[in-house]
Q: 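Okay, handing you the structure first.
Every number for a ligand or one of its atoms is a count from 1 in the order of the listing.
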Amino acid sequence: MKISEVISAGQTAFTFEIFPPKKQSSIETIYQTLEGLHGLHPDFISVTYGAGGNAADTKTCDIAQIIREKYNTESAVHLTCLYNSKEDIDQIVLQLKERGIQNILALRGDRNPDIAPKEDFRYASELIAYLKSKGDFYIMGGCYPECHPQCPTLDEDIENLKRKVDAGTDRLLSQLFFDNDDFMRFLEKARRAGIDVPIEAGIMPVVNKAQIERMVTLCGASLPHKFVRMMAKYEQYPDALRDAGIAYAIDQIVDLVSQGVDGIHLYTMNNPYVARKITEAVQGIIRPV
Ligand code: FAD
């Protein structure tokens, strides 16, 4: 089913992201994550593809299929294009069609300085136009409230984002951020630039110090004072840091939903405990009865 059939216009979306098990682990380990997330009812779960500098993995499609068929939740696959040729993408499209997966988060992917990119796609917008020509897919794209690290200015990044939307993007999922004002400023600029598709705010609960250091290096998110204070106060106390990280994410979500954002995309980091705590705290706010 396409995400447009799952999330109706104007509904605040609540969606999850998970990643496939690391290369050395068996696919079975994902069942622990999925069992743990069971019953939380996100609108969809997206599955990353070769993220964080790992080689692209083929488990993404398998997991997306398991989510749909075994857990009765809609899924989306992430797909990157820098290291895929048109023929590679054709093969993946075939797999997706065979498995009934209609939702794709289409991305460029990060450059690996040790591997020469294939030449067919330079930007996500080119992949999106190609995918649109290959089938009836619901296509999502990434966006960057604090500007993509390789773009000189946010205004220029938003011009490029508009191109990506014009190429056929149906929904945008944002990079993680810790200051809601950054997201709301970005949202206003995007709307002014004529970007009218739903934009979900990417929220990453920080549950340990190593995670935040890795993530900030990778994506360049800035850290507000109150966040840095929290890290400093609790860094020696893992349980307290986890609880403070959960509370911080809940606080961000309540504020964003109160400001009327289109949705929340929760980076679960395959941690059902954290996803459950957050969901229980915010579900009545996201879907008031
Ligand atoms: P693009 O939209 O192509 O943009 C990349 C850069 O090029 C930007 O600086 C943009 O301003 C610029 N640009 C775009 N179009 C043009 C143009 N026409 N002319 C000039 N400049 C242009 N990576 C993974 O490897 N696997 C994943 O599963 C994954 N999941 C992600 C999920 C989310 C929600 C997000 C936000 C990111 C994810 N990423 C993932 C990371 C992503 O691949 C990187 O951030 C990558 O560097 C950019 O991808 P993009 O699709 O946003 O690129």
Q: Using a 4.0 Å heavy-atom threshold (strictly under), name the region of E156 that reaches ligand 1: side chain, backbone, both or neither.
A: neither
Q: Rounded at 0.5 Å granularity, tell me how far CD in E200 sits from SG in C143.
A: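 Between E200 CD and C143 SG, I get 9.5 Å after rounding to 0.5 Å.
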Q: What part of N160 sits under 4.0 Å from ligand 1 if we count only heavy atoms: the side chain, the backbone, both or neither?
A: side chain
Q: Less than 3.5 Å between some nitrogen or oxygen of Q150 and one of ligand 1, yes or no?
A: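 No: no nitrogen or oxygen of Q150 is under 3.5 Å from one in ligand 1.
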Q: With heavy atoms only and a cut-off of under 4.0 Å, state how Y144 meets ligand 1: side chain, backbone, both or neither.
A: side chain
Q: From the options L79, I158, T153, D110, select the one whose nearest heavy atom is closest to atom 44 (C) of ligand 1.
A: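 When every heavy atom of L79, I158, T153, D110 is considered, D110 comes closest to atom 44 (C) of ligand 1.
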Q: Please determine if G142 has a nitrogen or oxygen closer than 3.5 Å to a nitrogen or oxygen of ligand 1.
A: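 Looking only at distances, the answer is no, because the N/O contact criterion of under 3.5 Å is not met.
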Q: Taking all heavy atoms of F137 and all of I101, pick out the closest pair and write down the distance.
A: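 For F137 and I101, the tightest heavy-atom pair comes out as CE2-O, 3.6 Å.
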Q: Quick one: which of E126, E159, H148 has a heavy atom closest to atom 9 (O) of ligand 1?
A: H148
Q: Before accepting this row, confirm whether a basic side-chain N of the pair R185/D181 lies closer than 4.0 Å to the acidic partner's carboxylate O.
A: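 No, R185 and D181 are not salt-bridged.
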Q: Identify, by atom number and element, the atoms of ligand 1 in contact range of L173, meaning under 4.0 Å from any of its heavy atoms.
A: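 Here the atoms of ligand 1 in question are 34 (C), 36 (C).
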Q: Which atoms of ligand 1 are found less than 4.0 Å from any heavy atom of A124?
A: 1 (P), 2 (O), 3 (O), 51 (O)
Q: Heavy-atom distances under 4.0 Å are what count here, so tell me which part of L161 touches ligand 1: side chain, backbone, both or neither.
A: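 Looking at L161 and ligand 1, no heavy atom falls under 4.0 Å.
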Q: Has Y248 got a side-chain atom pairing as donor or acceptor with F178's backbone, closer than 3.5 angstrom?
A: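 Checking the backbone N and O of F178 against the side chain of Y248, a donor-acceptor pair under 3.5 Å is found.
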Q: Answer yes when K132 and D166 have at least one side-chain N-carboxylate O distance shorter than 4.0 Å, and no when they do not.
A: no
Q: Taking distance alone, with no angle check, do Y49 and ligand 1 share an N/O pair under 3.5 Å?
A: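 Y49 vs ligand 1: N/O contact under 3.5 Å present.
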Q: Which bit of Y267 gets closer than 4.0 Å to ligand 1, counting heavy atoms only: side chain, backbone, both or neither?
A: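 Side chain only.
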Q: Do the side chains of L82 and L79 join up, straight or via other hydrophobic residues, at under 4.5 Å, putting them in one cluster?
A: no
Q: Below 4.0 Å from ligand 1: does a non-hydrogen atom of G50 turn up there or not?
A: yes
Q: Side chain or backbone of T80 under 4.0 Å from ligand 1, or both, or neither, by non-hydrogen atoms?
A: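 It is the side chain that gets close, since no backbone atom is under 4.0 Å.
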Q: Is D170 salt-bridged to K2, cutoff N-O under 4.0 Å?
A: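 Not counted as a salt bridge, because no side-chain N and carboxylate O are separated by less than 4.0 Å.
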Q: Just jot down the ligand 1 atoms closer than 4.0 angstrom to any heavy atom of T48, in number order.
A: 28 (O)
Q: Picking from D157, D155, D182, what satisfies salt bridge (charged side-chain N to carboxylate O under 4.0 Å, His left out) with K189?
A: D155
Q: Enter the distance from Y273:OH to T268:OG1 here, rounded to the nearest 0.5 Å.
A: 15.5 Å
Q: Within a distance under 4.0 Å of any heavy atom of D157, pick out the atoms of ligand 1 and give their elements.
A: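 Per the distance check, 8 (C), 9 (O), 10 (C), 11 (O).
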Q: Run the salt-bridge test on K134 and D90 with the 4.0 Å N-O cut-off and return the result as yes or no.
A: yes
Q: Could you tell me whether R122 and ligand 1 have an N or O pair separated by under 3.5 Å?
A: no
Q: If the cut-off is 4.0 Å to any non-hydrogen atom of Q175, which atoms of ligand 1 fall inside it?
A: 36 (C)
Q: What about the rings of H225 and F227, do their centers lie closer together than 6.0 Å?
A: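 That pair fails the under 6.0 Å test.
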Q: Evaluate L107 for polar contact with ligand 1, using N/O atom pairs at a separation under 3.5 Å.
A: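 Not met; the criterion fails.
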Q: Compute the minimum heavy-atom distance from G202 to ligand 1 and say whether it is under 4.0 Å.
A: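 Flag not set, G202 not near ligand 1.
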Q: Salt bridge between K70 and E35, side-chain N to carboxylate O under 4.0 Å?
A: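 Result for this pair is yes, salt bridge flagged.
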